[in-house]
Amino acid sequence: MAKNKFPYHLNFTSTDFRLHPELYRVGVGEQGVLLVEPYKSEILPHWRFKNVQLATASAQKIYQLFEEYLGQQDFVGADMARKFLQMGFTRARRYANHQSGHKYTASHEDKSASLPYPYSSGSAHKGNKELPQAEDALTNEKAQAAAIFKEYWFRAKDHPEYLRQKQLFREKYYET
């Protein structure tokens with residue numbers, strides 16, 4: 001495994017990243033968002049994007065957790081909260097674009113297996129024809145929910161204290 005990449009080789013069911021922050025890596029995008037404990041269990045119950053009202057309450061609560069983690073100098077928790085905000089945006093956008101949540105037509109064959117990463121991850125149907133985007137993809141309720149999460153996600157990722165703690169975390173734990 002290349003140094004400083006997200007550590008998928010770890011046993012996530014028995015690793016407490018609050019006790020062992022040195023094992024955590026930011027990774028790319030949302031990597032590890034549903035793996036890293038105890039943060040997954042603390043944040044996931046608040047993650048909702050079904051409609052604007054739930055998305056607003058969810059994003060506000062997760063951002064509150066983000067600020068609490070920053071206040072506790074818990075960068076891993078803050079980064080996980082940032083990832084949940086990002087995932088709120090990406091998942092809501094997926095359903096805004098495709099009501100079924102499926103972007104590609106289905107087939108019995110995995111056409112993504114031979115593709116290089118990141119095209120080989122995720123849906124086994126990535127090599128298939130893309131389904132048409134919903135006509136109201138930019139205005140429907142899921143699009144509005146996505147916009148709410150995007151606002152909080154950008155606020156989190158650009159937060160000066162988050163950026164400061166991220167730099168300190170990398171200096172302390174990442175190999176050069």
Side-chain angles (χ1 to χ4, degrees), residues 6 8 12-13 15-18 21 24-106 112 118-119 121-126 128 130-166 169:
F6 191 80
Y8 283 113
F12 289 95
T13 59
T15 303
D16 183 328
F17 285 87
R18 183 170 283 128
Y24 182 76
R25 294 295 178 268
V26 173
V28 177
E30 304 159 18
Q31 285 184 320
V33 71
L34 296 175
L35 296 173
V36 176
E37 292 288 5
Y39 307 104
K40 177 190 95 169
S41 295
E42 294 171 0
I43 303 168
L44 183 60
H46 306 289
W47 184 69
R48 300 284 181 269
F49 61 92
K50 182 177 182 178
N51 57 47
V52 171
Q53 182 180 0
L54 287 174
T56 301
S58 176
Q60 288 173 345
K61 177 62 179 176
I62 294 170
Y63 191 81
Q64 176 190 340
L65 291 171
F66 168 82
E67 289 184 318
E68 289 173 10
Y69 291 130
L70 286 179
Q72 297 162 4
Q73 302 297 301
D74 185 347
F75 172 74
V76 178
D79 195 52
M80 288 295 294
R82 189 259 321 151
K83 288 180 181 193
F84 269 95
L85 292 168
Q86 183 175 353
M87 187 170 68
F89 167 72
T90 59
R91 296 311 182 277
R93 277 297 333 148
R94 168 62 63 90
Y95 284 92
N97 291 339
H98 307 281
Q99 187 177 6
S100 69
H102 299 289
K103 185 175 180 178
Y104 303 100
T105 58
S112 68
Y119 307 104
S121 66
S123 173
H125 306 297
K126 276 189 176 176
N128 295 344
E130 196 169 312
L131 293 168
Q133 186 179 49
E135 288 184 25
D136 63 348
L138 299 178
T139 58
N140 63 35
E141 191 161 38
K142 291 292 191 290
Q144 294 171 41
I148 291 162
F149 273 101
K150 184 177 182 182
E151 175 189 335
Y152 281 93
W153 165 35
F154 276 53
R155 191 183 307 174
K157 78 176 186 67
D158 296 331
H159 192 291
E161 180 60 15
Y162 169 78
L163 294 172
R164 186 187 76 76
Q165 288 188 29
K166 183 178 183 180
F169 185 85

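All heavy atoms count here, side chains included; hydrogens, waters and symmetry mates do not. As the structure is a computational prediction, the values presented were derived from the model and not from experiment. Positions are given from 1, in the same order as the sequence printed here.
Shown here for Ala145 and Val52, the closest heavy-atom pair between the two residues is N-CG2, 4.3 Å. Among all heavy-atom pairs drawn from Lys83 and Val33, the shortest one is CB-CG2, 3.8 Å. The two residues Ala143 and Ala96 make their nearest non-hydrogen contact at N-CB, 3.5 Å. Closest approach of Ile148 to Ala59, counting heavy atoms only: CG2-CB, 4.0 Å.
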inquiry  = Between Arg18 and Val76, is the side chain to side chain contact (heavy atoms under 4.5 Å, CB included) condition met? List the steps.
reply    = CA-CA 7 Å; Arg18 183 170 283 128; Val76 178; over 6 Å; no
request  = Evaluate side chain to side chain contact (heavy atoms under 4.5 Å, CB included) for Leu65 paired with Glu42, printing each intermediate quantity in order.
outcome  = CA-CA 9 Å; Leu65 291 171; Glu42 294 171 0; 5.6 Å; no
task = Please assess Arg94 against Thr90 for the test side chain to side chain contact (heavy atoms under 4.5 Å, CB included), listing each intermediate value before the final yes or no.
result = CA-CA 6 Å; Arg94 168 62 63 90; Thr90 59; over 6 Å; no
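Every side-chain hydrogen bond (donor to acceptor under 3.5 Å, both in side chains) that Asn140 has, sequence neighbours left out, goes to Asp136. Glu30 is linked by a salt bridge (Lys or Arg N to Asp or Glu O under 4.0 Å) to Arg91, counting only residues two or more places apart in sequence or in another chain. Applying the side-chain hydrogen bond (donor to acceptor under 3.5 Å, both in side chains) criterion to Glu68, with sequence neighbours excluded, gives Gln64.
The distance between the ring centers of Phe66 and Phe84 does not fall below 6.0 angstrom.
In this structure, Phe75 and Phe169 have tilted ring planes: the angle between them lies in the 30° to 60° band. A tilted orientation is assigned to the rings of His159 and Tyr63, their planes being inclined by 30° to 60°. Between Phe12 and Phe6, the ring planes are parallel. Angles under 30° get that label, and only those over 60° would be called perpendicular.
Atom CZ of Arg93 is separated from atom CG of Leu138 by 6.0 Å, given to the nearest 0.5 angstrom. If you take NZ on Lys61 and OG1 on Thr56, they are separated by 15.5 Å, rounding to the nearest 0.5 Å. Considering CG of Leu85 and NZ of Lys157, their distance stands at 12.0 Å, rounded to 0.5 Å.
With contacts defined as side-chain heavy-atom distances shorter than 4.5 Å, the pair Arg82/Val26 qualifies. Using a 4.5 Å heavy-atom cutoff, the side chains of Phe149 and Met87 are not in contact. Under the 4.5 Å side-chain criterion, counting only non-hydrogen atoms from C-beta, Tyr24 is in contact with Val36. Side-chain contact between Phe154 and Phe89 is absent, with no heavy atoms from C-beta onward closer than 4.5 Å. Counting heavy atoms from C-beta outward, Glu161 and Gln73 have side chains that approach closer than 4.5 Å.
Taking 4.0 Å as the cut-off between side-chain N and carboxylate O, Asp79 and Lys166 do not count as a salt-bridged pair.
Side-chain contact check for Tyr69 and Gln165: no donor-acceptor pair (N or O, by modelled atom type) lies under 3.5 Å. In this structure, a donor-acceptor pair under 3.5 Å is present between the side chains of Glu37 and Ser41.
A donor-acceptor distance shorter than 3.5 angstrom exists from the side chain of Lys142 to the backbone of Lys50, with no hydrogens or angles considered.
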